[in-house]
Structures are given as structure tokens and as C-alpha cells.
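Inspection log for the structure reproduced underneath, given as C-alpha cells.
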Amino acid sequence: MKLPKEGDFITIQSYKHDGSLHRTWRDTMVLKITENAIIGVNDHTLVTESDGRRWITREPAIVYFHKKYWFNIIAMIRDNGVSYYCNLASPFHIDQEALKYIDYDLDVKVFTNGEKKLLDVEEYEQHKEKMHYSDDIDYILKENVKVLVDWINQNKGPFSEEYIKIWYNRYVELRNK
């Protein structure tokens, strides 16, 4: 399989643990791809929900996916600063069709003022029971919440101001080519 390269557009598909399609983002621009990670950007990207509802993202967002971590990170670049939406999710897989991952409901939101909030705990507990998440998956996800919060507290990777500047500037360069 031929991997996408810098400047290519890909589709992102999130699934639920039971295999059902959850959400699709069309036309995410790839900014960098390595053996373990993909960095991309969504900017006025069409998003389709599993129930058919469609909407367009409002601002540029740097997206980060990794093959070893059970989370992905969306850094939304707004006029008043950067806020983050972090999905607890399986490591990504990419094929001819899309970049794919399983969304495990739990999310961490980081506001522009740095405040952190764990979201959707009730939804996680409901889906854990309904879709039979294993004890191993439960453990992995809870451990990855700790890793994620550590990254946030240390301004590591996507949580670094410099990281956002570098990748946003790269996006502007590629967009203007």
C-alpha cells in the first residue's frame, strides 16, 4: 500500500468498538507522516456523523495520530488561543480508503486558559458494558489518560506552542503552493 505524502488529502474515519462507523472527516491535509505518526490539518473540513448529519469545521486544527498511543489530539487554532480536544482511541491504522481508529468515548478537553476537563465518562461506562470492552482495553485507556495528562502538563508535542506554530506555518506554505 502506498502511504500518503506531505500535501496529500486523506479521509479520517472513527469507528466504535462494535465496528459501527462513528464519524468521517473528508480532506484532511497530511503535513507529516512517519512510521508511527501522522500530523495533519483540518480547515473548513466536511464532517459526517453516523446519523448522516453534516457540518464543516470552523477553524484550522492540527491533528495528531500515533500508532503506539491510545489517543489522538486535535489542536483547534482560534483567535483567542489554542484549545484541544483529545480522543481516547485505539492507535490508528491507514489503508487505501482512510486513516481509521476506534473511538472509546472518553475525551479530554483543554481550554485556551489551560483548564482540563475529562468528558463523556458516563458514555464510556455505558458503551463499556454494551459493547463489552475488555478489562485490558479499560486498563490501557485509563493508563493512556495518565500519559495524555502528563503530555498536557509538560507542554509536550502538540501541547507545545512551538509545535503549533511550526505545523500551522507548514500548512500555510502547502496551502499556498
Side-chain angles (χ1 to χ4, degrees), residues 3-14 22-47 55-95 98-120 140-177:
L3 288 176
K5 60 187 185 313
E6 180 184 89
D8 285 353
F9 288 89
I10 62 171
T11 296
I12 297 172
Q13 295 174 338
S14 76
H22 173 56
R23 186 173 289 137
T24 302
W25 291 259
R26 225 184 70 214
D27 298 331
T28 297
M29 181 192 283
V30 174
L31 300 176
K32 182 176 176 96
I33 186 165
T34 67
E35 184 182 333
N36 288 317
I38 291 183
I39 301 166
V41 68
N42 287 328
D43 191 0
H44 295 85
T45 298
L46 175 64
V47 181
W55 52 278
I56 306 272
T57 60
R58 289 193 305 252
E59 66 271 313
I62 306 296
V63 296
Y64 174 87
F65 295 90
H66 202 279
K67 283 195 174 170
K68 294 193 171 152
Y69 295 108
W70 284 65
F71 54 78
N72 56 63
I73 301 164
I74 303 159
M76 296 164 287
I77 302 165
R78 300 189 165 139
D79 293 338
N80 63 339
V82 178
S83 66
Y84 295 88
Y85 202 88
C86 312
N87 297 294
L88 273 293
S90 69
F92 79 91
H93 163 78
I94 193 161
D95 62 22
L99 179 151
K100 299 173 180 179
Y101 66 90
I102 298 169
D103 180 298
Y104 280 103
D105 317 308
L106 286 175
D107 303 302
V108 176
K109 172 116 174 141
V110 183
F111 298 87
T112 54
N113 66 3
E115 177 194 343
K116 295 178 284 297
K117 191 170 189 177
L118 182 63
L119 305 173
D120 302 328
I140 289 166
L141 292 169
K142 288 175 178 165
E143 288 301 303
N144 274 265
V145 168
K146 294 176 193 171
V147 172
L148 182 59
V149 169
D150 194 47
W151 281 29
I152 295 164
N153 291 340
Q154 293 183 38
N155 299 318
K156 184 176 176 179
F159 301 102
S160 147
E161 207 175 297
E162 193 58 28
Y163 178 102
I164 298 302
K165 275 187 201 154
I166 287 166
W167 292 112
Y168 182 74
N169 289 339
R170 185 65 187 131
Y171 162 60
V172 171
E173 283 174 33
L174 290 168
R175 182 185 66 191
N176 293 336
K177 276 188 176 179

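One is the number of the first residue; the rest follow in order along the sequence. What you see is a predicted model, and the numbers here were worked out from it, not measured in a lab.
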Tell me the closest heavy-atom pair linking Arg78 and Arg58, and the distance in Å. NH2-NH2, 4.4 Å

Above 12 or not: heavy atoms from other molecules or residues under 6.0 Å from CG of Asn176? yes

Measuring from Trp25:CH2 to Leu46:CG, what's the distance to the nearest 0.5 Å? 11.5 Å

For Phe159 against Cys86, the heavy-atom pair lying closest together: CZ-SG, 3.7 Å

Atom CZ of Arg26 with >12 non-hydrogen neighbours under 6.0 angstrom: no

Report yes if some heavy atom in the side chain of Arg170 is under 4.5 Å from a heavy atom in the side chain of Lys32; otherwise report no. no

Which atoms form the tightest heavy-atom contact between Ser160 and Tyr84, and what is the distance? N-OH, 4.4 Å

So, Tyr85 versus Asp107: side-chain donor-acceptor pair below 3.5 Å or not? yes

Taking the basic N atoms (NZ, or NE/NH1/NH2) and the acidic carboxylate oxygens, is any pair closer than 4.0 Å for Lys100 and Asp95? yes

Where do Ala61 and Ile74 come nearest, in terms of heavy atoms and distance? CB-CG2, 3.8 Å

Before we go on, tell me: are the rings of Phe71 and Trp151 under 6.0 Å apart, centre to centre? yes

How long is the straight-line distance from CG of Asn72 back to OH of Tyr101, given to the nearest 0.5 Å? 4.5 Å

Minimum heavy-atom separation for Ala75 to Val82, with atom names? CB-CG1, 4.0 Å

Any side-chain heavy atom of Arg23 sitting closer than 4.5 Å to one from Val47? yes

With under 30° as parallel and over 60° as perpendicular, where do the rings of Trp70 and Tyr104 fit, or are they tilted in between? tilted

Heavy-atom count around Glu115 CD within 6.0 Å, excluding the residue itself: above 12? yes

Looking at Leu88, Asn87, Asp120, Leu119, which one forms a side chain to side chain contact (heavy atoms under 4.5 Å, CB included) with Leu106? Leu88

Could you give the distance from OH (Tyr171) to CD1 (Ile77), rounded to the nearest 0.5 Å? 9.5 Å

Would you confirm whether Asp103, through its side chain, and Ser14, through its main-chain N or O, come within 3.5 Å as a donor-acceptor pair? no

Thr57 side chain to Thr45 backbone, donor-acceptor under 3.5 Å: yes

Asn153 CG to Leu148 CG distance, which is reported to the nearest 0.5 Å: 9.5 Å

Just wondering, do Ile56 and His44 contact through their side chains at under 4.5 Å, heavy atoms? yes

Quick one: pull up CG in Leu99 and NE2 in His93 and give me the separation to the nearest 0.5 Å. 9.0 Å

For Pro158 and Ile73, work out which heavy atoms get closest and say how close. CG-CD1, 3.8 Å

What distance do Leu31 atom CG and Ile62 atom CD1 have between them, rounded to the nearest 0.5 Å? 5.5 Å

